[in-house]
There are 2 protein chains.
Amino acid sequence: MRESETPEPRPYHHGDLRRALVEAACRLLEKEGAQSLSLRAVAREAGVSPAAPYHHFKDKSELLDAVAHEGWEKLDLAFQAARDAQISPPDRVRELGVAYVRFASQHPDLYRVMYDCSRDKADMPAHVHENEESAYRRVREVLISAGADPTDEISLELATIACWCAAHGLAEMTSFKQFEPLKDALGGEEAFLRGVLAHVGVFAKGL
Amino acid sequence: MRESETPEPRPYHHGDLRRALVEAACRLLEKEGAQSLSLRAVAREAGVSPAAPYHHFKDKSELLDAVAHEGWEKLDLAFQAARDAQISPPDRVRELGVAYVRFASQHPDLYRVMYDCSRDKADMPAHVHENEESAYRRVREVLISAGADPTDEISLELATIACWCAAHGLAEMTSFKQFEPLKDALGGEEAFLRGVLAHVGVFAKGL
DNA sequence: TTTCTTATTTAAACAACGCTAAGATAGCGC
DNA sequence: GCGCTATCTTAGCGTTGTTTAAATAAGAAA
């Protein structure tokens, strides 16, 4: 807030502690895992006292909300390649699914935080669901261009939800070590993801 | 503590504290939620000191493992109706899916513990995957009797995994309040579940 | 400048947590 | 009786999330 125009004249004691805390939390998440992500550890990583975060976040869960928000933005970046690819609509649905699961596979602890926040509030994240550019809307549109009946609102929504469920389920299960042999047989995790999604109706045929 | 000499002859100090702790944990899970399920609270609920559980479980996660085990057994009971129903194989796959998600919807905190245990060990629960009676095998068999090629081992396994992913994803997302209007439009959560699963290829057509 | 006001941070403390170590107690075999 | 072992308790350690009060620094007003 209120960042001034010189290189580093910190307008307040720390500068932008809120931002620093979120970044420290992300750093710890990659380094130590979700298990050991305590508010005190975040404050320690940012070089401030344990009580400092409370001037920028109501409580720990609000810090995690901010981390999750950062996560959904990173996921959006991971989507870009699939979004811009010049491929058929059904293929694009599947590539969105692959990008989603691959992101979760590469940042498991961040994904866990992202999803736990949603679950605790019994809410889909705003990024995913609400605005016009959201992945939810995008899947919906691709389903239509792949042949779904645009007037059957209910069926369309059910199909979109089925997409998300399959992607989320796969995202959380892909690390199970029971699947290692199958991944090897298919030549890697990427092929495994594509293989599973190919068996989910909405991903396979566009409806 | 130490209720007076009741009919039952307690062979040790408490009788079967291990069992009592698991039951106390399940009770707390229904009453207070997963958030407030601490080891100390479980001990309190069971009427013993905070250190007592450590003679029956190595640490907290081992207690949760036992609770999760209990959970998978309860889920197996919830499966029975769908298993024994006299319906076509594709219908049975879907009914298994509905039973799975409905269980998670009715016992959200227990389901969370069940799944967190699996994720922390990067392992499918043994009940689900290993033995001959497992739901995993059962889905597999039903897929075959519904027309899947029994010789294509890889495709069969991918389809079975797709089933689990969709069911798990729906299990975790069904409580999102964004879906309330849709549930109302369809006449209840049960219809909503069936509607979503109908859009997942493996549930809809058996392959 | 000096003073006042407010935003930010710290230090100190509280209750609760997971867990460990030491000792007390109860059941069992001898 | 004796010892032995499993079980449970009391006490304590280090950590956590959170609150309170005091210190400090920045901006505005005099």
Side-chain angles (χ1 to χ4, degrees), chain A residues 1-25 28-29 31-68 109 113 116-117 120, chain B residues 1-25 28-29 31-68 109 113 116-117 120:
Chain A
M1 54 193 71
R2 231 181 288 217
E3 67 265 358
S4 81
E5 45 286 282
T6 44
E8 46 195 314
R10 281 166 297 154
Y12 287 96
H13 300 188
H14 183 282
D16 190 351
L17 182 55
R18 185 192 161 91
R19 173 72 168 263
L21 287 169
V22 173
E23 285 172 3
L28 278 180
L29 213 47
K31 209 178 357 173
E32 315 278 349
Q35 179 88 31
S36 45
L37 187 73
S38 67
L39 230 188
R40 293 177 104 105
V42 173
R44 228 174 288 138
E45 172 83 14
V48 293
S49 79
Y54 285 89
H55 292 266
H56 302 272
F57 302 98
K58 186 174 123 286
D59 55 18
K60 182 186 181 182
S61 81
E62 215 176 65
L63 204 195
L64 292 184
D65 283 349
V67 172
D109 297 284
V113 169
D116 282 351
C117 286
D120 287 345
Chain B
M1 61 175 73
R2 228 181 296 225
E3 320 112 27
S4 59
E5 37 290 277
T6 45
E8 305 100 71
R10 282 164 297 156
Y12 290 97
H13 300 188
H14 182 282
D16 190 352
L17 182 54
R18 184 190 162 92
R19 173 71 168 263
L21 287 169
V22 173
E23 284 172 5
L28 278 179
L29 214 46
K31 210 180 352 175
E32 314 279 349
Q35 181 88 32
S36 46
L37 185 72
S38 67
L39 232 185
R40 293 175 105 105
V42 173
R44 227 175 290 134
E45 172 83 13
V48 293
S49 79
Y54 286 90
H55 292 266
H56 301 272
F57 302 98
K58 185 172 124 286
D59 54 18
K60 183 185 181 181
S61 80
E62 216 175 64
L63 204 194
L64 292 184
D65 283 349
V67 172
D109 297 284
V113 169
D116 282 352
C117 285
D120 286 346

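So you know, we letter chains A, B, ... as the sequences are listed, proteins then strands, and number each from 1.
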Could you state the CG-C1' distance from B:Asp16 to C:dA26, rounded to the nearest angstrom? 17 Å
Taking atom P of C:dC19 as reference, at what distance in whole Å does atom NZ of B:Lys58 sit? 8 Å
Between CG of B:Leu21 and P of C:dG18 the distance, given in whole Å, is 13 Å
Name the closest nucleotide to the B:Arg40 side chain, picking from C:dC17, D:dT18, D:dC8. C:dC17
Determine whether a donor-acceptor pair (N or O, by modelled atom type, separation under 3.5 Å) exists between the side chain of A:Asp109 and the backbone of A:Ala34. yes
For B:Phe57 and C:dG18, what is the distance between atoms CZ and P respectively, to the nearest whole Å? 14 Å
Atom-pair distance (OH on B:Tyr54; P on C:dA21), nearest Å: 12 Å
Near DNA chain D, counting only heavy atoms under 4.0 Å, which residues of residues 41-53 of chain A show up? A:Arg44, A:Pro50, A:Ala51
Any B:His56 side-chain nitrogen or oxygen under 4.0 Å from OP1 or OP2 of D:dC8: yes
In whole angstroms, the gap separating C1' of D:dT10 from NE2 of B:His55 amounts to 12 Å
Checking side-chain contact (heavy atoms from CB on, under 4.5 Å) between B:His56 and each of B:Leu17, B:Asp16, B:Val22, B:Leu63, which is the one that passes? B:Leu17
Would you call A:Phe57 and A:Leu21 a side-chain contact if the rule is heavy atoms closer than 4.5 Å? yes
When you measure from the side chain of A:Asp59 to the backbone N and O of A:Glu62, does any donor-acceptor pair fall under 3.5 Å? yes
Is any side-chain heavy atom of A:Asp116 closer than 4.5 Å to a side-chain heavy atom of A:Leu64? no
Whole angstrom is fine here: how far is it from CZ in B:Arg18 over to P in D:dC8? 13 Å
Kindly write out the residues that satisfy side-chain hydrogen bond (donor to acceptor under 3.5 Å, both in side chains) with B:Arg19, not counting sequence neighbours, or none if the list is empty. B:Glu23
Round to a whole Å and report the spacing from NZ of B:Lys60 to C1' of D:dT16. 12 Å
